[in-house]
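Heads up, the thing below is written out as structure tokens.
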Amino acid sequence: MEYFAFQWHITDSCDQRCAHCYIFAEGHPRLVEMPLQKARQVVVDCVEMCRRMKRLPYFYITGGDPILHSRFWVILALLRERSIPFTILGNPFHLTDAVCARLKEYGCDKYQLSIDGLRETHDAIRKPGSFDATLDKIDVIRRAGIRCAVMTTVSGTNLHEIPGIIDLVVARRVDIFAFGRYCPTSFEKSTHIEPLEYRDFLERVWHQFEQYRDSGTTFNLKDHLWTLFLYEKGLFKIPEGLDADTIYDGCHCADCHMTILPTGEVMACRRFESPVGNLFRKPLYDLYNGPEMEAYRQYERFEKCSRCELLRFCRGCPAVAYGYTHNFYAPDPQCWKAIE
């Protein structure tokens, strides 16, 4: 059976105030922590939804910084009791050898850290000292037998620093590296990347990935524009004999992923405003199959992608498109295919 991924925000509490943070960008009047009893309900509901869909649940536990939840370890125990695998998306500040050993004991499969630039850029985006703290904790995570992933948010601000980050994560023996694009809340010239500029960037990074092919670091091609890039290079071919109306890959929004906030609000994707209901008022299975979620599966409405042969495998990042235009179906602003 295939996995269904739940990005579960258990608390808004955090040691940082990152420039691109969704929580604080939205001006929350107070920080919310999901009560333990509600967390139990979330796990039960997710398991029931997956049972009905014949899928396996996989959790990405995050926040804020999830370790700051007052019942953090009890919540992890809820997953361990059911042998549900999970990844932690968190900060480096509270990680020690003892904490990571305990995370491993509770079944943590992977711990994801963020590096959003070299030292000066990263610390300006997050907080002073964050860059060095992050590097220091890579070995701590790996010593515990937990895979360490590094995620980078790419924009015009740090685009030129990504090759240096790649060199760094390989040197530090990071297990997995990936990047995704910044989702702006308006057209911001300082963060914008032109389509052909982005394609040239992917070309440079691809050569670097090839250079480090045997390094032990896995490069996760998270951005779906990689599909277009590899298609044009002849490295991705559309399989023959597939159903012409079936979506096989690309953006996971409303497909095999959903986000749960500390309030119980459910979003199709955390990277843009996409509320579909509250699981404390309506079961997740019904939310997933309801009209609010179905709106994000109307692939014929994609203004550019619906005319592309890669519709079933790519669709770029609709969240980034929404950030620029407030239209989920608008063309991906970094897609260079058939630029009009």
Self-check item: Proximity of Tyr106 and Trp73 rings by center, below 6.0 Å
Solution: yes
Practice problem: Identify the heavy atoms of Pro66 and Ile88 that sit nearest to each other, and give their distance. | Solution: CG-CG2, 3.9 Å
Quiz item: Is the side chain of His69 donor-acceptor paired with the backbone N or O of Met34 at a distance under 3.5 Å, no angle test?
Solution: yes
Practice problem: Examine the side chains of Tyr285 and Asp45 and answer whether a donor and an acceptor come within less than 3.5 Å of each other. | Solution: no
Quiz item: Do Glu33 and Ser13 meet the criterion of a side-chain donor-acceptor pair at a distance under 3.5 Å?
Solution: no
Quiz item: Does Leu228 reach the side chain of Cys335, with side-chain heavy atoms less than 4.5 Å apart?
Solution: yes
Quiz item: Is a side-chain N or O of Asp175 found less than 3.5 angstrom from the main chain of Ala149, in a donor-acceptor match?
Solution: no
Quiz item: Which atoms form the tightest heavy-atom contact between Thr157 and His160, and what is the distance?
Solution: O-CE1, 3.4 Å
Quiz item: Are Arg143 and Tyr111 in a cation-pi contact, defined as NZ or CZ under 6.0 Å from the six-membered ring centre and within 45° of the axis?
Solution: no
Practice problem: Verify salt bridge (charged side-chain N to carboxylate O under 4.0 Å, His left out) between Glu265 and Arg281, making sure each step is shown before the conclusion. | Solution: CA-CA 10 Å; Glu265 292 296 317; Arg281 293 192 287 271; 3.4 Å; yes
Quiz item: Do Lys38 and Phe280 meet the cation-pi criteria used here (NZ or CZ under 6.0 Å from the six-membered ring centre, within 45° of the axis)?
Solution: yes
Quiz prompt | Backbone of Arg181 reached by a side-chain donor or acceptor of Arg271 within 3.5 Å | solution = yes
Quiz item: What about Leu56 and Val42, same hydrophobic cluster or not, with Ile/Leu/Val/Met/Phe/Trp/Tyr joined at side-chain heavy-atom distances under 4.5 Å?
Solution: no
Exercise. Would you please test Tyr324 and His192 for ring pair (Phe, Tyr, Trp, His ring centres under 6.0 Å) and show each step?
Key: CA-CA 10 Å; Tyr324 278 82; His192 177 61; 5.5 Å; yes
Quiz prompt | Nearest-0.5 Å distance that lies between atom CG in Asn289 and atom CG in Leu284 | solution = 11.0 Å
Quiz prompt | Distance in Å, Ile165 CD1 paired with Thr152 OG1, rounded so as to fall on 0.5 Å steps | solution = 4.0 Å
Practice problem: Show your reasoning for whether salt bridge (charged side-chain N to carboxylate O under 4.0 Å, His left out) applies to Asp132 and Arg119. | Solution: CA-CA 7 Å; Asp132 289 329; Arg119 183 177 286 103; 2.8 Å; yes
Quiz item: Looking at CZ of Arg213 and OG of Ser215, how far apart are the two atoms once the value is rounded to the nearest 0.5 Å?
Solution: 10.5 Å
Quiz item: Is there a donor-acceptor contact under 3.5 Å linking the side chains of Glu232 and Trp336?
Solution: yes
Quiz item: Does CD belonging to Glu120 count more than 12 external heavy atoms closer than 6.0 Å?
Solution: no
Quiz item: Given the rule that I, L, V, M, F, W and Y join up when any side-chain heavy atoms are under 4.5 Å apart, are Tyr3 and Leu79 in one cluster?
Solution: no
Exercise. Return yes if a side-chain donor-acceptor contact under 3.5 Å exists between Asp167 and Tyr212, otherwise no.
Key: yes
Quiz item: Should Ile141 and Phe72 be regarded as members of a common hydrophobic cluster, given that ILVMFWY residues are connected when their side-chain heavy atoms come within less than 4.5 Å of each other, either directly or indirectly?
Solution: yes
Quiz item: Does any non-hydrogen side-chain atom of Trp226 lie less than 4.5 Å from one of Cys314?
Solution: no
Practice problem: Look at atom CD of Gln37 and say whether more than 12 heavy atoms of other residues, nucleotides or ligands are closer to it than 6.0 Å. | Solution: no
Quiz item: Without hydrogens or angle criteria, can the side chains of Asp223 and Gln334 be said to hold a donor-acceptor pair below 3.5 Å?
Solution: no
Self-check item: Check: Phe236 ring centroid to Phe313 ring centroid under 6.0 Å
Solution: yes
Quiz prompt | Arg312 side chain vs Asp243 backbone, donor-acceptor pair below 3.5 Å | solution = yes
Practice problem: Report yes or no: does Gln208 contribute a side-chain atom to a donor-acceptor pair with the main-chain N or O of Pro163 at less than 3.5 Å? | Solution: yes
Self-check item: Ion pair Glu105/Arg102, N-O distance below 4.0 Å
Solution: no
Self-check item: Distance (rounded to the nearest 0.5 Å) between Leu103 CG and Leu76 CG
Solution: 6.5 Å
Quiz item: So, the side chain of Arg80 versus the backbone of Ile75: is there a donor-acceptor pair under 3.5 Å, distance only?
Solution: no
Quiz prompt | Partner of Arg147 by side-chain contact (heavy atoms from CB on, under 4.5 Å), out of Ile176, Val174, Thr87 | solution = Ile176
Exercise. Verify side-chain hydrogen bond (donor to acceptor under 3.5 Å, both in side chains) between Glu300 and Ser306, making sure each step is shown before the conclusion.
Key: CA-CA 5 Å; Glu300 72 282 358; Ser306 61; over 6 Å; no
Exercise. Answer yes or no: is there a side-chain heavy-atom contact under 4.5 Å between Ile247 and Tyr299?
Key: yes
Practice problem: Could you tell me whether the side chains of Arg126 and Ser114 share a donor-acceptor contact shorter than 3.5 Å? | Solution: yes
Self-check item: Asp12 side-chain N/O to Gly64 backbone N/O, donor-acceptor pair under 3.5 Å
Solution: no
Self-check item: Criterion side-chain contact (heavy atoms from CB on, under 4.5 Å) against Arg172, the qualifying member of Val150, Thr217, Leu135, Ile115
Solution: Leu135
Quiz prompt | Between CH2 on residue Trp206 and CZ on residue Phe229, distance to nearest 0.5 Å | solution = 7.0 Å
Quiz item: Are Thr218 and Phe177 side-chain neighbours, meaning at least one heavy-atom pair lies under 4.5 Å?
Solution: no
Exercise. Take atom NZ of Lys222 as the centre, draw a 6.0 Å sphere, and report whether it contains more than 12 heavy atoms from other residues, nucleotides or ligands.
Key: no
Exercise. Over all heavy atoms of both residues, which pair between Leu113 and Cys148 is shortest? Give the atoms and the distance, please.
Key: CD1-SG, 4.1 Å
Practice problem: Go through the steps to decide whether Lys233 and Glu203 satisfy the test salt bridge (charged side-chain N to carboxylate O under 4.0 Å, His left out), and finish with yes or no. | Solution: CA-CA 10 Å; Lys233 292 181 75 70; Glu203 184 73 56; 3.2 Å; yes
Exercise. Measure from the side-chain N and O atoms of His122 to the backbone N and O of Asp116, and report whether any donor-acceptor pair falls under 3.5 Å.
Key: yes
Quiz item: Between Phe4 and Tyr288, is the gap from one ring center to the other below 6.0 Å?
Solution: yes
Quiz item: Transitively linked via ILVMFWY side-chain contacts under 4.5 Å: Val154 with Leu196?
Solution: yes
Quiz item: Does the side chain of Leu279 come within less than 4.5 Å of Ile260's, by heavy atoms?
Solution: yes
Quiz item: Is the side chain of Lys104 donor-acceptor paired with the backbone N or O of Gly145 at a distance under 3.5 Å, no angle test?
Solution: yes
Exercise. Please find out if less than 6.0 Å separates the ring center of Tyr296 from that of Phe328.
Key: yes
Practice problem: Please check if Leu242 and Leu310 belong to a single hydrophobic cluster, counting links between Ile, Leu, Val, Met, Phe, Trp and Tyr side chain heavy atoms closer than 4.5 Å. | Solution: yes
Quiz item: Is there side-chain contact between Arg173 and Arg142, with heavy atoms separated by less than 4.5 Å?
Solution: yes
Quiz prompt | Gap separating the CZ atom of Arg55 from the CD atom of Glu2, nearest 0.5 angstrom | solution = 5.0 Å
Quiz item: Any chance the rings of Phe302 and Tyr329 have centres within less than 6.0 Å?
Solution: yes
Exercise. Please confirm whether the backbone N or O of Leu261 pairs with a side-chain atom of His9, one donor and one acceptor, at under 3.5 Å?
Key: no
Quiz item: Aromatic ring centroids of Phe272 and Tyr322 under 6.0 Å?
Solution: yes
Quiz item: Of Lys337, Lys237, Glu309, which meets side chain to side chain donor-acceptor pair (under 3.5 Å) against Tyr231?
Solution: Glu309
Quiz prompt | Any side-chain heavy-atom pair of His224 and Arg315 under 4.5 Å | solution = no
